[in-house]
Visitor: 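If you scroll down you'll find the structure; I have some questions about it.
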Amino acid sequence: MGSPHRLASGGIVDRGTSRTFTIDGRSFEGVAGDTVTSAALANGVLQVGDSIYRGRPRGVMTSGVEEPNAFVRINGEYGESMQPATITELVDGSELTWEDGIGTLDQSVDPAEYDHMHVHTDVAVIGAGPAGLAAARAAAATGVRVMLFEQDFALGGSLLGRPNEVVEGIPAGAWIEDVTAQLEQAINCRILKRTSVFGSYDSNYLIALEKRVEAPGTDGVSRQRVWHINAGRVVLATGAFERTLVFAGNDLPGVMLASAAQNYLGRYGVLAGEQVVVFTTNDSAYGVAADLAAAGASVSLVDSRASAGVDDPASVDVHHGSVAVEAIGSDRVVGVRIAPRDGDIQQTQQLPCDLLAVSGGWSANVNLHSQRQGALHWDDDLLGFVPSGAVRDQSLAGSVTGTYWTDGAVAEGIAAGSAQPDPTTAQERRTGSGTTDGLWLIPSPAGDFDTHFVDLQRDETAAGVVRAVRAGMRSVEHVKRYTSISTGLDQGKIGGVLTIGLLSQLLGEHDMASMPAGQPGQDGAEGGATDRSPSPGAIGTTTFRAPFTPVAFAALAGRARGELYDPARVTPAQARHVARGAEFEDVGQWKRPWFYPQSGEDMNAAVARECRAARTNVAYMDGSTLGKIEIRGKDAPTFLNRIYTNAFAKLSVGKQRYGVMCGPDGMVLDDGVSFRLAEDRYLMTTTTGGAAKVLEWLEEWHQTEWPELDVFFTSVTEQWSTTVVAGPRSRDVIHKIAPDLDVSKEGFEFMSFHDTVLASGIPARIARVTFSGELAFEVNVSGWYGEAVWDDITHAGAEFGITPYGTETMHVLRAEKAFPIVGQDTDGTVTPQDLGMDWVVAKKKKDFIGMRSYARAGHVEEGRKQLVSLFPTDPELRLPEGSQLVTTDNTPADPLDGIAPQPIPMIGHVTSSYRSEALDRTFALALVRDGRTRIGEEVMASFEGRFYPVQIAEAVVYDKEGARRDG
Amino acid sequence: MLMIECPHCGVRPEGEFTYGGQAHVPYPEDPQALTDEEWAQYLFYRDNPKGTFRERWVHSAGCRKWFNAIRDTRTYDITSTYLGAAPAEANSTQGAQ
């Protein structure tokens with residue numbers, strides 16, 4: 001197999017190392033150092049996948065990340081879609097498919113590993129072209145830590161395409177090797193190739209993606225890494241993108257950016273065409289024409305300007321003052337019609353060609369600069385948006401500033417690397433690389449703009465932009481969204497500025513009045529635009545955002561997948577729950593047993609059985625996940641008195657009390673039972689999910705408002721294991737495991753606790769408290785003994801038929817007693833009074849957090865939502881939680897299909913809904929406006945467009961007199 | 001990602017901290033003595049300047065201590081962090097310039 005377009009010499013590819021690959025089933029041979037497109041072009045393959053919507057043939061357009069056409073799917077164990085072929089390093093044996101502008105997600109699990117790295121560096125240099133290499137060298141010479149990031153697999157940037165240019169007195173190729181060797185030897189410099197910095201954030205925090213193709217398939221080596229970088233200083237040497245020109249047929253295969261044609265030749269030794277027309281508006285393409293001619297191509301140069309700032313290249317036929325008006329060909333370019341720029345465009349002349357190299361000027365790659373809200377301005381000489389100055393602790397070097405000549409870029413790199421001021425004056429920058437013709441749209445002889453492509457990836461043309469303007473779009477942000485220009489994978493790296501330039505021609509002065517001020521890049525963006533003539537600077541750019549180049553979700557996820565996605569917290573008795581076949585529920589990070597199905601049982605059957613056991617016999621549950629905070633200090637009683645709505649200072653040692661804590665607005669934050677262990681010592685319990693938040697709440701009030709109080713808080717959630725034993729026969733079980741304890745009704749009062757030593761020898765603190773309304777005990781032991789005590793209770797309870805129960809049964813039992821769950825029955829707008837717990841709000845205290853708010857008008861007026869219960873008329877109907885409640889006279893006669901024609905006033909919503917085993921019917925808890933005055937009223941529950949009658953009742957639906965808690 | 005200087009732990013990444021809103025808004029001495037309007041001012045109203053702002057942060061994933069910071073709401077630059085009362089130089093620069 002030969003590669004007809006590969007020259008015998010030139011470039012940095014290794015012609016001795018073959019790389020075979022297939023595209024769409026055809027076999028080709030490339031060489032080491034190739035990208036997919038350089039290898040394809042070497043084999044004469046110019047055409048890639050078709051365009052996304054119109055199915056037009058497309059060809060390789062660029063040689064970099066801005067590629068809008070050439071996308072491949074990399075097939076294999078796991079298929080990767082939409083990889084720009086221009087930056088895909090050729091791997092031996094790869095099987096590729098051209099994609100038609102859109103990919104398909106591989107549904108299989110990606111077997112590769114991805115990870116994250118976190119580093120600090122003194123200087124981060126982004127981009128390893130001439131400016132970046134010079135900056136890294138200068139920074140490294142000062143002895144500080146330097147990191148150099150290059151998205152390509154080779155260092156050198158655009159210089160790689162111009163190996164014969166002289167840099168600091170030596171040929172560019174040798175200069176790159178020389179600087180690279182110096183950096184590799186410097187112990188304070190780290191070079192990361194194949195690493196794209198895609199995000200830039202406050203305090204010089206950068207995020208980059210490294211593709212580690214050097215170690216494919218190696219066990220334990222990640223495929224990609226996301227780097228998180230804290231940099232003292234950042235040098236942006238991110239270069240510039242060449243623009244295409246907008247003329248008829250500018251998307252034909254064979255139309256290529258001039259710099260790309262040069263890069264394929266200089267870097268890869270590939271001559272993409274033999275008969276080349278170079279069409280330019282600026283001087284940069286003259287060198288391209290010269291290089292192509294020197295390599296043996298027959299070259300014509302079409303320059304829209306009457307004269308250039310450089311000499312005509314040798315043996316190149318130059319047409320000054322002319323423009324290409326149409327590319328000719330069906331599936332690849334075979335010629336181009338040119339016409340005088342300022343004459344009759346019907347007077348065309350046809351030039352045959354197999355490659356049309358285009359240069360419409362340059363756009364500085366300001367993406368990372370703009371992500372930091374770095375200022376931009378439009379420069380009429382450079383014909384592009386360029387940074388107005390670096391952001392704090394950053395420097396800019398090279399063509400990102402508009403310095404489009406190598407000596408200038410190197411000088412700026414040296415200055416930036418050693419934290420010296422920018423050596424290039426504004427005047428030098430404006431004039432240093434000649435003039436660029438502001439040519440945004442070239443009319444075609446046929447008169448339409450239907451194949452004048454502005455964004456090739458989105459298949460959008462100048463006709464689309466005209467349509468957007470006619471539809472009333474003025475702002476570039478609106479035009480972008482109306483047309484979808486710049487929303488493709490390449491994010492408008494080429495098409496963005498073309499669109500802005502085009503708008504500056506399509507809009508009139510009167511249109512500019514409606515232009516929103518404050519766009520990035522807009523002249524006088526801070527105080528509103530001053531110049532209202534339709535110019536790119538008055539229009540501004542769309543907003544640049546991360547990521548600069550696409551990043552796979554797998555890389556962002558890193559190792560945080562599956563079990564490592566989030567830490568799982570389990571209780572000491574976890575293995576016992578698993579052995580009993582428990583289904584688990586996530587509560588925060590905790591895994592809590594939800595219910596324990598026996599063979600053949602569904603959830604409803606299991607919960608019914610567990611409820612029966614707790615109400616009629618004895619049942620036990622793992623309560624270890626409850627948050628526990630130990631509070632010590634001589635002012636602990638004072639502190640708790642201020643935190644809780646009820647009194648805690650006078651709680652006796654050996655007793656517990658239920659407390660509700662609220663915000664200053666009076667809304668319920670959390671609740672739980674606290675033990676008074678000693679005069680200066682409490683153990684507070686919190687909701688399972690609220691423990692961390694409550695600890696922060698206590699710290700905040702202590703530190704910021706009452707630092708004079710002597711009180712300390714320690715989280716002891718993990719130190720204690722709690723098993724709840726509930727039911728009429730719980731006393732018998734506790735008596736067996738704690739024979740030394742008087743468990744009689746008189747000897748062990750409700751809401752008291754006793755320290756004892758269990759029959760097993762384990763020290764325990766046993767409390768009488770209930771969350772089910774039944775006689776219940778909580779057995780608290782050191783976490784180390786949690787599993788042993790669970791086992792002891794299992795064995796002790798066996799003769800009574802003790803049954804483990806999970807969180808679902810706990811919820812049913814507490815709902816029957818109207819014990820609220822904070823965060824389920826409350827939502828931050830609910831007071832203790834709304835919950836029917838006026839008794840928990842102290843009337844005699846001087847102050848507590850929330851107290852003042854209960855006197856506010858909004859708290860004392862009618863209309864507050866109050867907790868009540870609901871009984872659906874159909875006793876088998878279990879209302880979905882969240883169902884809305886409306887009054888019967890507001891209920892439509894027919895079920896709704898979609899949205900009601902008139903809004904229906906809502907009077908409340910269902911917060912909890914269960915089937916009660918004790919009542920043998922369904923019921924619900926709900927927050928209903930003035931609910932306690934509506935008891936007995938029939939209202940309608942609404943869900944799925946239907947309405948169901950329900951009756952409002954008192955919140956407590958079982959054991960209203962509280963007779964069961966003493967057994 | 002901001003880098004924030006905790007007065008106790010030094011410069012640490014923003015992810016370790018939790019924001020606490022405007023600084024120097026003390027809990028009223030005697031809330032019961034306030035009118036509804038005065039209490040509402042304490043509950044709901046905070047400054048929202050364009051420019052220098054004194055605000056609270058807590059180093060939740062570090063020492064768990066609250067402190068105050070002076071931050072420019074336009075640039076996010078935190079010029080200083082401190083404990084306790086506001087430093088004198090900050091008093092005159094609050095609000096838009």
Side-chain angles (χ1 to χ4, degrees), chain A residues 118 120 199-207 228-232 372-375 391-393 526 546 642-643 662-667 692-693 695-707 712-715 843 845-861, chain B residues 1-5 7-8 10-45 50 55-68 71-79 83-85:
Chain A
H118 297 259
H120 289 254
S200 180
Y201 303 92
D202 295 308
S203 303
N204 279 346
Y205 186 82
L206 307 168
I207 304 188
H228 300 251
I229 305 129
N230 273 290
R372 289 289 308 275
Q373 282 80 50
V391 302
R392 204 179 78 180
D393 298 327
E526 272 284 307
R642 295 180 189 177
I643 288 288
C662 296
D665 58 0
M667 305 303 168
K693 189 185 67 184
L695 181 62
E696 285 176 12
W697 182 249
L698 303 180
E699 287 283 3
E700 177 181 347
W701 284 90
H702 178 228
Q703 288 180 34
T704 66
E705 294 293 347
W706 309 313
F712 298 88
F713 316 97
T714 309
S715 169
K843 309 295 180 294
K845 279 205 260 185
K846 181 170 173 288
D847 191 30
F848 58 83
I849 298 172
M851 183 176 183
R852 174 64 184 84
S853 288
Y854 300 134
R856 293 182 66 226
H859 290 260
V860 297
E861 285 169 356
Chain B
M1 171 101 68
L2 298 174
M3 296 299 284
I4 298 172
E5 183 166 4
H8 304 286
V11 177
R12 309 293 303 168
E14 181 185 344
E16 295 184 5
F17 298 85
T18 306
Y19 185 64
Q22 184 176 358
H24 311 300
V25 183
Y27 186 71
E29 194 73 28
D30 181 5
Q32 318 312 323
L34 302 183
T35 64
D36 270 10
E37 193 180 331
E38 288 165 338
W39 179 244
Q41 281 290 334
Y42 166 73
L43 279 185
F44 304 124
Y45 291 81
K50 183 179 183 181
E55 60 194 19
R56 305 190 311 159
W57 290 82
V58 59
H59 194 187
S60 12
C63 61
R64 301 199 347 231
K65 292 290 186 188
W66 285 87
F67 61 93
N68 301 314
R71 184 176 63 96
D72 190 310
T73 59
R74 294 165 298 193
T75 61
Y76 302 164
D77 286 344
I78 293 177
T79 48
L83 297 169

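As the structure is a prediction and not an experimental result, all values here were calculated from the model. Because only heavy atoms are used, hydrogens play no part in the values below, and waters and symmetry mates are left out as well, while side chains stay in.
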Visitor: Of the backbone (N, CA, C, O) and the side chain (C-beta and beyond), which part of B/V25 lies under 4.5 Å from a heavy atom of chain A, both, or neither?
Guide: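 Contact with chain A: backbone only.
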Visitor: Before accepting this row, confirm whether a basic side-chain N of the pair B/K65/A/E699 lies closer than 4.0 Å to the acidic partner's carboxylate O.
Guide: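 Between A/E699 and B/K65 there is no salt bridge, as every charged N stays at least 4.0 Å from the carboxylate O atoms.
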Visitor: With a 4.5 Å cut-off on side-chain heavy atoms, are A/E700 and B/V58 touching?
Guide: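 No. Closest side-chain heavy atoms not under 4.5 Å.
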Visitor: If I compare all heavy atoms of A/P664 with all of B/Y42, which pair ends up nearest, and what's the gap?
Guide: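 For A/P664 versus B/Y42, the nearest heavy atoms are CB-CE2, 4.2 Å.
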Visitor: Checking heavy atoms, do the side chain of B/Y27, its backbone, both or neither come under 4.5 Å from chain A?
Guide: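 When you check distances to chain A, atoms from both the backbone and side chain of B/Y27 fall under 4.5 Å.
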Visitor: Out of A/L695, A/N204, A/V391, which one racks up the most heavy-atom pairs below 4.5 Å with chain B?
Guide: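 Heavy-atom pairs under 4.5 Å are most numerous for A/L695.
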Visitor: Answer yes or no: are there more than 12 heavy-atom neighbours, outside B/Y45 itself, under 6.0 Å from its atom OH?
Guide: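 No.
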Visitor: Does the salt bridge (charged side-chain N to carboxylate O under 4.0 Å, His left out) test come out yes or no for A/E696 and B/R64, once each step is laid out?
Guide: CA-CA 8 Å; A/E696 285 176 12; B/R64 301 199 347 231; over 6 Å; no
Visitor: Do A/N230 and B/M3 have side-chain heavy atoms sitting under 4.5 Å apart?
Guide: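 A/N230 vs B/M3: side chains touch.
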Visitor: Is chain A contacted by the side chain of B/S60, its backbone, both, or neither, given a heavy-atom distance below 4.5 Å?
Guide: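 Only the side chain of B/S60 comes within 4.5 Å of chain A.
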Visitor: Out of curiosity, A/K846 NZ to B/Q32 CD, how far, rounded to the nearest 0.5 Å?
Guide: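 It is 8.0 Å, given to the nearest 0.5 Å.
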Visitor: Heavy-atom pairs under 4.5 Å with chain B: which of A/A857, A/A855, A/S853 has the most?
Guide: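 When all of A/A857, A/A855, A/S853 are compared, A/S853 has the most.
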Visitor: Would you name the heavy atoms of A/S203 and B/M1 that are closest together and state the gap between them?
Guide: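 In this case the closest contact between A/S203 and B/M1 is CB-O, 3.3 Å.
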Visitor: Chain B heavy atoms under 4.5 Å from A/Q373: which part of the residue, side chain, backbone, both or neither?
Guide: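 Looking at A/Q373, nothing touches chain B.
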Visitor: Tell me whether B/D36 is salt-bridged to A/R852, with the criterion being a basic N under 4.0 Å from an acidic carboxylate O.
Guide: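 Yes, this pair counts.
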Visitor: Relative to chain A, which of B/D77, B/I78, B/T75 shows the most heavy atom pairs under 4.5 Å?
Guide: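 Heavy-atom pair counts peak at B/D77.
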Visitor: Quick check on B/W66 against chain A: is it the side chain, the backbone, both or neither that has a heavy atom closer than 4.5 Å?
Guide: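 It is both, since atoms from each part get that close.
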Visitor: Pick one of side chain, backbone, both or neither for A/F713, based on which atoms fall under 4.5 Å of a heavy atom in chain B.
Guide: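 When you check distances to chain B, only backbone atoms of A/F713 fall under 4.5 Å.
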Visitor: Which heavy atom of B/L43 sits nearest a heavy atom of A/D665, and at what distance?
Guide: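 Nearest heavy atoms, B/L43 then A/D665: CD2-N, 3.7 Å.
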